[in-house]
**Q** 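Just dropping this structure here.
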Amino acid sequence: MQILVCGGAGFIGSAFIRNYLQHNPNSKITNLDILTIGSSLENLKEIKNNPNYSFIKDDIRNESKVDNLVKNVDVVVNFAAESHVDRSIVNPKPFIETNILGTYSILEAIRKHDKQFIHVSTDEIYGDAQGQSSFDENSQINPSNPYAATKAAADHLVSSYYRTYGINCITTRCTNNFGPCQFPEKLIPKTIIRALKNLKIPLYGDGQQIRSWIYVYDHVQAIESLISKGKPGQVYNITAYEEITNKTIVEKILDILGKSHDNIEYVEDRPGHDKRYSINCSKIENEVGWKSKYEFEAALQETVDWYLQNKSWWEPLIDENTLHPQPWTLSRK
Ligand SMILES: NC(=O)c1ccc[n+]([C@@H]2O[C@H](COP(=O)([O-])OP(=O)(O)OC[C@H]3O[C@@H](n4cnc5c(N)ncnc54)[C@H](O)[C@@H]3O)[C@@H](O)[C@H]2O)c1
């Protein structure tokens, strides 16, 4: 199997590459990544000399480059995206360019060369879940922020290419991920790092926003299963644990680190902030046979331990977005 992974130097893409090559040592992976903020080739240092792995620094919007690479593989898995909601509130334009035009560039090569395409999307495209209900794959899409809107636009493009051109595609909509190598500005690493630096931990609004979480290795295993067992043209939700408030998850991390909950500081809420995300993933469990296997508390402990042991990975990546309690208030760059 030959795979083109786009965005493989980021948090989830690098976990996919490490995991996939471990399970399929004879497969070949090419990683196409432009190395924006959020990426690090350090995430792949353990396989950088593996003859079945190669890295190309380029943009998924480079249509001729993408065309040339897609021609020579069996599958394309696209993780490449502008991925942080707070940044999309400051400046939506790069999100429109990469998440929509980048997906278009890959889709054009997929339809020309008739290859399998795994489009990695997010549960954020559904928007707020009301009451106790959960979204399934047929629920209406209702994105609340520019990041989610650009991901939703890409989902629509993918389904239109399936309907119009009959491409071989699968869309995944996963919930919030956590684990090693997640960029410091996201909630869990930001909480760990700020707690270690004895800084206040900002919680947006009342901290009662509800999210469900998944350990990154469960997510990438789901994608691996879909490559061989997913049905073309289908969307699959992916999630793992019970829903939990942002306040509770921050408190759990402070408990692991032996820090007081008094370190929490409530700050003005993020504009357009969704109150609750909730998805149902019975489709992938029943049709594909994938099920999450990592226990939440153990995976969270492992994640905290990883940040404790890998200060040299995150220290150089700290910027004003990690240090600022409300990064969307930073001036537009
Ligand atoms: N992090 C989550 O909780 C989560 C949940 C569900 C879905 N997702 C989706 O999973 C994917 C990966 O998310 P992540 O958290 O690993 O993000 P990330 O920001 O860590 O990684 C994204 C990668 O894409 C690369 N990239 C960005 N623009 C590019 C371009 N124009 N050309 C080539 N490469 C480019 C970056 O350099 C980076 O390595 C995204 O599509 C995201 O929407 C993330």
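Counting convention: from 1, in listed order, for ligands and their atoms alike.
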**Q** Can you list every pair that meets salt bridge (charged side-chain N to carboxylate O under 4.0 Å, His left out) and has a residue in residues 290-302, with sequence neighbours left out?
**A**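 Only K252-E297, E285-K291 qualify under salt bridge (charged side-chain N to carboxylate O under 4.0 Å, His left out).
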
**Q** Is the F79-F16 ring centre distance short of 6.0 angstrom?
**A**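 For F79 and F16, the ring centres are under 6.0 Å apart.
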
**Q** For a 4.5 angstrom cut-off between non-hydrogen side-chain atoms, does D269 reach Q209?
**A**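 D269 vs Q209: side chains touch.
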
**Q** In terms of side-chain heavy atoms, does Y307 have a donor or acceptor partner in N310 at a distance below 3.5 Å?
**A**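 No pair is found: no donor N or O on one side chain lies under 3.5 Å from an acceptor on the other.
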
**Q** Flag the pair F296 / F178 as yes when their ring centroid distance falls below 6.0 Å, and as no otherwise.
**A**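 Ring centroids of F296 and F178 are less than 6.0 Å from each other.
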
**Q** Given a heavy-atom cut-off of 4.0 Å, could you list the residues near ligand 1 in chain and number order?
**A**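 Heavy-atom contacts below 4.0 Å: G7, A9, G10, F11, I12, D33, I34, L35, T36, G38, S39, D58, D59, I60, F79, A80, A81, S83, T98, V120, S121, T122, Y147, K151, C174, T175, N176, N177.
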
**Q** Does the structure place the NZ or CZ of R111 under 6.0 Å from the centre of the six-membered ring of Y165, at an angle of no more than 45° from the ring's axis?
**A**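 R111 over Y165 ring: yes.
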
